[in-house]
Every structure is written in C-alpha cells, then in structure tokens.
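Just the heavy atoms: all of them, side chains too, but no hydrogens, waters or symmetry mates, feed the values below. Read the numbers this way: they start at 1 and go in the same order the structure lists the ligands and their atoms.
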Amino acid sequence: MSDPIKATCHCGAVELSVTLSDGFNTARRCDCSFCRRRGAPAVSAPLNGVAVIRGADALTLYSFGTHTAQHHFCARCGIYMFHKRRSNPNEFGVNLYALEGVLPQDVEPVPWVDGINHPSDRSDG
Ligand SMILES: [Zn+2]
C-alpha cells in the first residue's frame with residue numbers, strides 16, 4: 001500500500017486521509033448512469049484505507065438501485081469524496097481529483113470500465 005494522501009472537498013469542510021491499494025494504477029472511470037453524470041474518476045483504497053479527518057458531519061450519503069454502493073459527498077459544496085463499491089464492497093473508490101496534488105494533465109487518460117453492463121444488473125449475473 002502507498003503512503004497516506006490528503007483528500008479534501010472544495011469548500012474544505014471535509015478532509016480525508018487516504019491510503020491507496022495500488023497507487024494510481026487502479027484509477028478508473030465508469031460509464032454507469034450515476035458515474036457518467038458525476039464525472040470524477042475513482043481510485044481504489046481498502047476499507048481501512050480511508051479515514052475521515054475532518055467533516056464527518058458534513059458528509060452526506062447517496063445510494064440507489066441495489067443500495068450496495070454508498071456514495072459520500074460534501075453536503076456543503078457537493079463534491080464527491082468516496083464510495084463503497086458495488087463491484088467490491090470490501091473497498092472504497094476515492095475521488096482521484098480530491099487527492100492533494102493530482103492534476104488531470106498528469107494522469108489522463110484514465111481507463112474506462114463497463115458500468116452499464118454491471119454483472120449485478122443482468123438476469124444471468
Ligand atoms: Zn465541501
């Protein structure tokens with residue numbers, strides 16, 4: 001695992017300490033109905049790799065469908081911070097661009113995953 005990285009929302013109410021599973025190698029975009037609107041790519045962290053340093057009371061939760069995925073946002077500025085994954089509930093996805101010092105021009109293009117055809121949405125899955 002990597003060294004902890006600070007992650008902040010835009011207004012500063014929320015601060016996380018994030019220890020990534022495998023650096024930026026796991027960064028992905030998803031094309032599901034939710035993620036494509038949200039826009040931000042996510043990078044993986046184990047469940048014990050995300051600590052809320054500040055602003056736990058400012059975080060708000062959004063879930064839909066199976067409600068397995070739990071998306072946490074800053075209620076003040078609206079920035080997506082992290083989510084518990086449906087594809088792997090044993091890890092978090094963290095907003096790649098909420099991490100301190102990460103700029104799009106340094107990490108793009110981020111690979112895509114096929115969220116539209118998620119196994120949990122198929123009758124044979
Ligand atoms: Zn905020």
| message | I'd like to check Val14 versus Ile79 (side-chain heavy atoms, cut-off strictly below 4.5 Å). Are they in contact? | response |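 SC-SC contact between Val14 and Ile79 ruled out.
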Okay, side chain of Arg54, backbone of Gly12: is any donor-acceptor separation there less than 3.5 Å?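 Yes; judged by distance alone, with no hydrogens or angles, the pair exists.
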Report the residue from Leu96, Val94, Val107 that forms a side chain to side chain contact (heavy atoms under 4.5 Å, CB included) with Pro41.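 Single pass found, and it is Leu96.
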*What orientation do Phe34 and His71 show, parallel under 30°, tilted 30 to 60°, or perpendicular over 60°?*
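Plane angle between 30° and 60°, so tilted.
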Practice problem: Over all heavy atoms of both residues, which pair between Glu91 and Ser21 is shortest? Give the atoms and the distance, please. | Solution: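 Smallest interatomic distance, heavy atoms only, reads OE1-OG, 4.5 Å.
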*asked:* For the Zn ion (ligand 1), which protein N/O/S atoms fall under 2.8 Å? Skip waters.
replied: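 Metal shell, protein only: Cys9 SG, Cys11 SG, Cys74 SG, Cys77 SG.
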How far does CZ of Phe92 sit from CG of Leu16, to the nearest 0.5 angstrom?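 So the gap between those two atoms works out to 9.5 Å.
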